[in-house]
Amino acid sequence: MNYSILRTDKADEQLRDIIFYIAEDSGDIDIALNYLDKIETAINRLSLFPESGSIPNYSVLRKQGYRVLIVERHLVFYKINHEAKEVLIYAIVDGRREYQNLI
């Protein structure tokens, strides 16, 4: 059985900000939409392979049960609820930034 994918409002807002930034920076909405598709495809793959993400380097995040999926330069932080068959996306952040406080 596949896992359901849920996103927090914060993760949705972060994803919107990323896509708007790419569209504005590149001047091409198609580039932004292609990147959105890449992130969405990677996230949706978690429904079949929820443990495919890595365990974070930060011990605080590791102890809280987060996993991280790398999509190019962005990091998708999520937790798995095996009992409910759910993957909850908490944050989507630029991996070049200090992200520990963004989750």
Side-chain angles (χ1 to χ4, degrees):
M1 183 170 128
N2 293 353
Y3 282 60
S4 299
I5 304 291
L6 306 170
R7 284 199 296 239
T8 63
D9 291 340
K10 183 177 190 175
D12 277 339
E13 180 181 325
Q14 290 169 328
L15 184 56
R16 269 192 309 275
D17 289 347
I18 290 165
I19 300 310
F20 286 147
Y21 174 80
I22 292 170
E24 184 176 311
D25 188 54
S26 68
D28 188 343
I29 191 70
D30 288 334
I31 291 172
L33 292 176
N34 287 336
Y35 195 71
L36 173 62
D37 186 52
K38 188 176 287 193
I39 290 176
E40 292 284 2
T41 298
I43 289 172
N44 288 334
R45 199 173 303 123
L46 291 173
S47 70
L48 296 173
F49 307 104
E51 295 191 25
S52 62
S54 304
I55 296 171
N57 291 333
Y58 284 118
S59 62
V60 172
L61 298 176
R62 203 172 35 246
K63 287 177 185 176
Q64 292 176 359
Y66 284 101
R67 295 188 75 88
V68 62
L69 182 68
I70 301 168
V71 182
E72 291 193 18
R73 68 176 188 237
H74 288 92
L75 306 175
V76 178
F77 288 92
Y78 68 97
K79 290 183 182 179
I80 305 167
N81 181 337
H82 290 290
E83 293 172 5
K85 298 278 190 191
E86 293 176 343
V87 172
L88 182 55
I89 308 298
Y90 283 90
I92 305 170
V93 299
D94 190 323
R96 299 171 297 179
R97 293 183 57 197
E98 179 62 38
Y99 55 81
Q100 188 174 6
N101 296 326
L102 297 174
I103 300 173

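Not measured: the values here are computed from a predicted model. Just so you know, these numbers use all the heavy atoms, side chains as well, and skip hydrogens, waters and symmetry mates.
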Distance col, row K85:NZ vs S4:OG, nearest 0.5 angstrom, shows 10.5 Å
Can you see which heavy atom on I5 is nearest to which on S47, and at what distance?
CD1-N, 3.6 Å
Kindly work out whether a path of hydrophobic side-chain contacts (I/L/V/M/F/W/Y, heavy atoms less than 4.5 Å apart) joins I29 to I31.
yes
Check for me, please, whether V68 and Y58 land in the same ILVMFWY cluster - side-chain distances under 4.5 Å, paths through other members count.
yes
Look at atom CG of D9 and say whether more than 12 heavy atoms of other residues, nucleotides or ligands are closer to it than 6.0 Å.
no
Partners meeting side chain to side chain contact (heavy atoms under 4.5 Å, CB included) with N81 (sequence neighbours left out)
E83, A84, E86
Taken to the nearest 0.5 Å, the spacing of Q14 CD from L75 CG works out to 11.0 Å
Could you state whether L88 and I80 fall into the same hydrophobic cluster, counting links through intermediate Ile, Leu, Val, Met, Phe, Trp or Tyr residues with side-chain heavy atoms under 4.5 angstrom apart?
no
Straight-line distance of I39 CD1 to N44 CG, nearest 0.5 Å:
12.0 Å
Evaluate V93 against H74 for side chain to side chain contact (heavy atoms under 4.5 Å, CB included), listing each step before the verdict.
CA-CA 5 Å; V93 299; H74 288 92; over 6 Å; no
Rounded to the nearest 0.5 angstrom, the NZ-CG distance for K79 and L61 is 9.0 Å
List the atom of R67, the atom of P56, and the distance in Å for their closest heavy-atom pair.
CA-CD, 4.1 Å
Pairs in or reaching into residues 13-32: which pass ring-ring contact (aromatic ring centres under 6.0 Å, His included), with residues at least two apart or in two chains?
none
Tell me, which pairs form a salt bridge (Lys or Arg N to Asp or Glu O under 4.0 Å) where one or both residues lie in residues 37-61, sequence neighbours left out?
R7-E40, K38-E72
Rounded to the nearest 0.5 Å, how far does CG of L69 lie from CZ of F49?
12.5 Å
Centroid separation Y78 to Y90 less than 6.0 Å:
no
Enter the distance from D30:CG to I22:CD1 here, rounded to the nearest 0.5 Å.
13.0 Å
Is it the case that one hydrophobic cluster holds both I70 and I18, taking links as side-chain heavy atoms less than 4.5 Å apart, direct or via other members?
no
Going by heavy atoms in the side chains, are I89 and I43 under 4.5 Å from each other?
yes
Single-linkage hydrophobic cluster I92~L46, side-chain heavy atoms < 4.5 angstrom
yes
